[in-house]
Amino acid sequence: MTEKLQSEAVVLFGATGDLARRMLLPSLYFLDADGFLPERLAIIGTARQAADTAAFVRQAREAIAERAQPQGIDEAVWARFAARLGYCSADATTAEGAACLKAQLGEARAPIFYLALSPSLYVRVCSALAEAGLATPESRIVLEKPIGRDLESSRVINTAVAEAFDERQVFRIDHYLGKETVQNLLALRFANTLFEPLWNNLTIDHVQITVAETEGVGDRWPYYDEYGALRDMVQNHMLQLLCLVAMEPPSDMAPDSVRNEKVKVLRSLRPFTRAEAAINSIRGQYTAGVVGGKPAASYESERGQPSGTETFVALRADIDNWRWAGVPFFLRTGKGLPERRTQIAIQFKGVPHSIFDQAAKADLVANQLIIDLQPDEDIELLLMNKAPGLSQGGMRLQSLPLSLSLLKAYAGPNARRRIAYERLLLDVIHDNSTLFVRRDEVEQAWAWIDGIADAWADSATAAKPYAAGSWGPAGAFALIERSGRAWHD
Ligand code: BG6
């Protein structure tokens with residue numbers, strides 16, 4: 001195997017923006033603190049804001065200090081980190097912008113161009129980089145979502161990026177793949193022998209994936225109003241979770257081994273017809289309510305005018321392949337929900353025949369594997385037990401969890417929950433794209449999402465109101481109850 005080339009520079013486009021401040025600069029600092037950054041790695045910020053390196057260093061320090069609580073900044077690490085920083089005040093879509101970067105980059109090998117920018121600028125930035133001779137075969141480009149708003153617009157972006165960079169150089173971020181608990185799905189499924197023989201339609205009844213957020217959209221509405229929950233969450237994060245649960249075992253962890261399996265799942269998703277969308281999907285929008293005991297504004301008032309955009313989606317996805325035929329995947333996500341929870345619930349089938357008498361039979365519930373990804377990191381396998389004690393009509397049964405709390409298992413003085421971007425940045429530096437989304441994955445996901453969006457548009461399916469602080473519109477319950485199942489709450 002050829003040795004992977006470590007990057008010697010990261011260029012952060014949009015370096016003064018929200019993502020760089022909240023995630024990227026702190027992640028790079030933490031990587032440096034743990035000794036993970038190559039010695040020679042330079043970090044060059046670029047944005048239109050008129051500033052110089054000294055000002056950028058000050059801004060970076062503020063951003064990192066906010067994130068480094070309660071320990072605060074380690075001055076020795078900071079000195080090393082600050083020495084890596086440089087800044088180009090420039091419009092990245094222009095030749096002058098690229099020239100400034102070129103000068104800062106000097107001889108640095110395998111530079112990473114991280115576009116923390118509006119996707120509307122991707123095409124122009126890529127061509128400016130190509131024209132300046134910066135899109136060398138060693139270089140890497142990192143793209144944030146959303147890559148397009150539908151299949152067609154994502155193809156336009158991907159095609160333009162491909163004119164400057166080979167697919168192997170393109171790293172499309174889905175930050176959920178950088179979360180420890182999401183990667184732990186791979187360990188759970190493929191580092192244990194227990195589950196794989198059961199992981200199919202013979203034993204599993206259905207799967208639920210919930211990504212619930214308590215916050216509203218707030219001042220992000222100019223972006224959000226154009227996308228809505230379907231495009232903001234389902235197209236990427238939720239489908240990635242679904243893929244990791246549903247994919248066949250890859251032969252190894254090589255980027256294409258894993259991504260080939262994910263694409264197969266996406267290709268097997270049953271497309272929505274208009275009639276199916278009416279039954280198997282529901283969109284909602286929060287009205288004023290109470291979340292966590294505090295009054296919460298409606299989306300409409302945040303937006304400042306009525307809007308048709310959904311802030312909640314629930315749907316039933318069917319995967320038409322041998323493993324999953326007849327096993328529905330129920331997905332729901334929304335803002336303004338009662339609690340923050342990212343959870344995958346695997347509902348097993350009941351025992352084929354009960355040997356117990358009437359009372360115990362009534363106690364019998366099917367096994368569940370509950371994988372909590374956020375905010376707590378827990379895995380629980382719910383198993384039936386004999387309830388202790390004597391009872392007149394024979395034994396009684398009770399469901400109890402076999403429980404793995406990752407927080408407790410890995411607690412310690414130095415335990416720190418890593419930012420998902422730390423893993424991802426490190427992987428780009430080391431040229432490992434296993435946890436990044438390949439072009440065909442993004443496009444296949446869009447093709448399926450377009451089917452739902454088109455069905456909603458054709459039938460003028462309105463977003464149903466739900467009070468902030470509730471679990472979405474009533475239709476979300478009807479959607480799952482229609483098949484005799486219920487949300488795991
Ligand atoms: C982003 C979405 O990709 O993910 C946001 O644009 C959402 O709307 C966020 O709030 C959720 O991420 P996390 O890591 O907080 O679960």
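We count ligands from 1, going down the list as the structure has it; atoms in each ligand are counted the same way. These numbers were taken from a predicted model, which means no experiment stands behind them.
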For Trp446, is the NZ or CZ atom of Arg155 found under 6.0 angstrom from the centre of its six-membered ring and inside 45 degrees of the ring axis?
no
Closest heavy-atom pair, Arg283 versus Gly308, reported as atoms and distance to 0.1 Å, is NH2-O, 3.0 Å
Close approach of Tyr224 to ligand 1, heavy atoms, under 4.0 angstrom:
no
Using distance alone, with no hydrogens and no angle criterion, decide if Tyr176 and Asn236 have a side-chain donor and acceptor under 3.5 Å apart.
no
Using a 4.0 Å heavy-atom cut-off, which part of Arg220 comes near ligand 1: side chain, backbone, both, or neither?
side chain
Is the ring pair His175/Tyr421 parallel, tilted or perpendicular, if the boundaries are 30 and 60 degrees?
parallel
Closest candidate by heavy atom, reference atom 15 (O) of ligand 1, pool Arg231, Arg340, Lys335
Arg340
If you measure every N or O of Gln374 against every N or O of ligand 1, does any of those distances drop under 3.5 Å?
yes
So which protein heavy atom does atom 16 (O) of ligand 1 come closest to, and at what separation?
Tyr176 OH, 2.5 Å
Which atoms from ligand 1 have a heavy atom of Asp232 less than 4.0 Å away?
2 (C), 5 (C), 6 (O), 8 (O)
Between Arg172 and Glu167, is a salt bridge (charged side-chain N to carboxylate O under 4.0 Å, His left out) present by the stated rule, with each step listed?
CA-CA 10 Å; Arg172 293 179 194 80; Glu167 180 61 23; 2.8 Å; yes
What is the nearest protein non-hydrogen atom to atom 12 (O) of ligand 1, stated with its residue, atom name and distance?
His175 NE2, 3.2 Å
Heavy-atom nearest neighbour in the protein, as seen from atom 10 (O) of ligand 1, with distance rounded to 0.1 Å:
Glu213 OE2, 2.5 Å
Report yes if the side chains of Lys464 and Phe312 come closer than 4.5 Å at any heavy-atom pair, otherwise no.
no
Below 3.5 Å, N or O to N or O, backbone or side chain included: is there any such pair between Lys179 and ligand 1?
yes
Determine the interplanar angle of the Phe81 and Trp78 rings, folded into 0 to 90°, and report it as parallel if under 30°, tilted if 30 to 60°, perpendicular if over 60°.
tilted
So the atoms of ligand 1 within less than 4.0 Å of a heavy atom of His237 turn out to be 1 (C), 3 (O), 4 (O)
